[in-house]
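Just so you know, these numbers come straight off a predicted model, no measurement behind them.
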Amino acid sequence: MRPYFFFSYARRDHLAGGAFVDQFFTDLRDELARIEPEAGPGELAYRDTERLRIGDDWERQLSRMLGASRTMVALYSPAYFASPYCGKEWTAFDRRTRRHEEQTGESVPALIPVLWEPPPEDLPAEVRRIQYLQHDFGAEYATGGLRHLLRTDPQGTAYRKVVRVIAERIREAATWRVAELRDLDLGQVEGCFPVEEVAPVAVRSSLVRLFVAARRAGDPPAPVGGAGAVNGDRFPAQRSEADAARMDRAAAAGGPANGGPSGTGGTGGAGGPDGPYQGGWYGPHPRDWAPYHPPRLPSLAVQAQQVITRAGHSTSLETVGPDLADALDRARENNEVSVLLVDPWAAGAEPFRQALRDYDRQNHPVTAVLLPDSTDDPPAGAARARLWEGVREVFARTWLHRSGPEPLFRIHIRRERFERELLSTVTVAQNRLLDQLDDDPVAARAQFGLGPDPRPMPGLTIPAWPPVPPEPPVSPGPPVPRPGNAPGAGAGAATGAGTGAAPGPRGALREETVPLTNRAPSEGEADR
């Protein structure tokens, strides 16, 4: 088998935004399948995460597929040029194309760079000779890369154009049939990067990971009562492609999606031919979910990405799956906060119910959960009570914390409050994460892209430092009576006089809100 393209990318880029890398790979493969319909599914692309299985000799298989693939798509980024193994893949494929040119006289552009993020300025000479920018991709691509286009407008014209052009370039280069390199051994290849000037890039902890649990158009309908439903309950109406087109037109016009006043006719309002408005509008993917009536574009997940991006953070977007708990643990290890956007209609049904219940049983202190709600979805009454009782069953432990100070679990979020509630929970989660990282506050804030001398964060209270100095020694003389002094209390009581509390081993602490960077280093930190 000779795949049309070998997908070469840095592991660090996937850890920092796996959903973006996955989406680009899938979109590129699908676009190539559209313009090259004769190619079989397994012939279109090779990516290690999709093909390697337990027990495989991964280096041998990568070598074999890199030597056989017709082209290589390389995701250029600082992390890519800091990866020794990416350097091996790039160098090996570049040598393969050069050997083909020496043997046939044909110069084939089979090594296809994609600007994922702006790369370092001091690239190796071998890399600089291959053009990686294209004028008609636009300034946003040139300055921010493809990841920026995915963050700001995941299905926008600029992003779709890059995908289409790259797919066409793959198909064109594949027709030249660059000779295979059957004896390629990546273990023996000395890559042309990383170079000494290129330092490994730390994963930015300002990433906010979004996870969506929502139904899709065509899914088996879920009962109104969620997990607690009984036979005979009403079911959410399904949304068709015609509904999607109607929503697009309505969004462009700024009006209701059903073509008339809210609550009349179409599919969106109470009394329409599809029955009462229930569950929101659903598309082919959970990220298409639009919970509010009338539904508008962009979808809730895309709106959340835009809001968080405007606040100065980056985002990734994933669907809640069986590995949710592991994904949240990895995010926490990378100093990233997470937000779950949960459709109340989907919470009590598979494939989401078990993953959300597993989440509820564990401790994820920097993860927020938001459940949007329309006031008439369903209208007040027994059906509405059963729906939210089902949600409460899934989030049995988390539900108890919904009314605490600065909660990360928030329900019944109306359209007009969604953006404010989202940013509030992101701030609270990041404050808690910073609080856990206060052993090195300057480094922690730098990872979030924050300056060294910030203003106090609302709600973040830590002990002031240094401690209050001990009282000066008292000159010899008769003891001065003080209220509450017990005879024989000794010098230890004197140091806490008037406070009613015994001092700690390093003196009394004053509790007040101060910037993180005002805390002096603890013992041992000054030597780091």
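Between Arg12 and Ser83 there is no side-chain heavy-atom pair separated by less than 4.5 Å. Between Arg287 and Thr319, the closest side-chain pair of non-hydrogen atoms is not below 4.5 Å. A 4.5 Å side-chain heavy-atom check between Phe211 and Leu328 finds at least one atom pair inside the cut-off. Looking only at side-chain heavy atoms (C-beta outward), Tyr159 and Leu146 come within less than 4.5 Å of each other. Taking 4.5 Å as the limit, every side-chain heavy atom of Leu66 sits out of range of all side-chain heavy atoms of Tyr46. By the 4.5 Å heavy-atom criterion applied to side chains, Arg216 and Pro284 are not counted as neighbours. Side chains of Phe352 and Asp343 form no contact here, defined as non-hydrogen atoms less than 4.5 Å apart. You'll find the side chain of Val208 reaches within 4.5 Å of the side chain of Gln430, heavy atoms only.
Note: Ile170 CD1 to Arg29 CZ = 12.0 Å, rounded to the nearest 0.5 Å. Remark: Arg99 CZ to Glu102 CD distance equals 9.0 Å, nearest 0.5 Å. Taking CD of Gln155 as the start and CD of Gln23 as the end, the distance is 5.5 Å to the nearest 0.5 Å. Between the CG atom of Leu115 and the CG atom of Leu133 there is a distance of 6.0 Å, given to the nearest 0.5 Å. Rounded to the nearest 0.5 Å, atoms CZ (Phe20) and CG (Leu75) are 13.0 Å apart. In this structure, the separation between CG on Leu207 and CG on Asn335 is 11.5 Å, given to the nearest 0.5 Å.
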Please walk me through it: do Glu126 and Arg98 pass salt bridge (Lys or Arg N to Asp or Glu O under 4.0 Å)? CA-CA 11 Å; Glu126 296 93 327; Arg98 289 198 193 191; 5.9 Å; no
Evaluate side chain to side chain contact (heavy atoms under 4.5 Å, CB included) for Gln306 paired with Thr315, printing each intermediate quantity in order. CA-CA 9 Å; Gln306 293 174 348; Thr315 66; over 6 Å; no
Side chain to side chain contact (heavy atoms under 4.5 Å, CB included) between Asp94 and Thr97, worked out: CA-CA 5 Å; Asp94 179 58; Thr97 59; 4.0 Å; yes
Begin with the C-alpha distance, continue with both residues' side-chain angles, and end with the deciding distance and a verdict on salt bridge (Lys or Arg N to Asp or Glu O under 4.0 Å) for Arg330 and Glu333. CA-CA 5 Å; Arg330 288 195 300 271; Glu333 291 170 2; over 6 Å; no
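Of the N and O atoms on the side chains of Glu89 and Tyr80, not one donor lies less than 3.5 Å from an acceptor on the other residue. A donor-acceptor contact closer than 3.5 angstrom is absent between the side chains of Thr398 and Tyr359. A donor and an acceptor atom, one from each side chain of Asp48 and Tyr9, are located under 3.5 Å apart.
Partners of Arg410 under the side chain to side chain contact (heavy atoms under 4.5 Å, CB included) rule, at least two apart in sequence or in another chain, are Leu370, Pro407, Ile413, Glu421, Ser424, Thr425, Val428.
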Review item, side-chain donor-acceptor pairs of residues 175-194, under 3.5 Å, at least two apart:
unit_1 : atom_1 : unit_2 : atom_2 : d
Thr175 : OG1    : Glu172 : O      : 2.5
Asp185 : OD1    : Gly187 : N      : 3.0

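Here the closest non-hydrogen pair linking Arg215 and Trp345 is CD-O, 4.1 Å. Here the closest heavy-atom approach between residue Pro120 and residue Pro78 is recorded as CD-CA, 3.9 Å. Annotation for Ala301 and Leu341: closest pair CA-CD1, 4.1 Å, computed over non-hydrogen atoms. The nearest pair of heavy atoms linking Ala213 to Leu356 is CB-CD1, 4.4 Å.
A salt bridge links Asp27 with Arg160: at least one charged nitrogen is closer than 4.0 Å to a carboxylate oxygen. For the pair Asp358 and Arg361, the salt-bridge criterion is met [side-chain N within less than 4.0 Å of a carboxylate O]. Taking the charged nitrogens against the carboxylate oxygens, Arg70 and Glu43 do have a contact shorter than 4.0 Å, which makes a salt bridge.
Aromatic ring centroids of Phe93 and Phe6 lie 6.0 Å or more apart.
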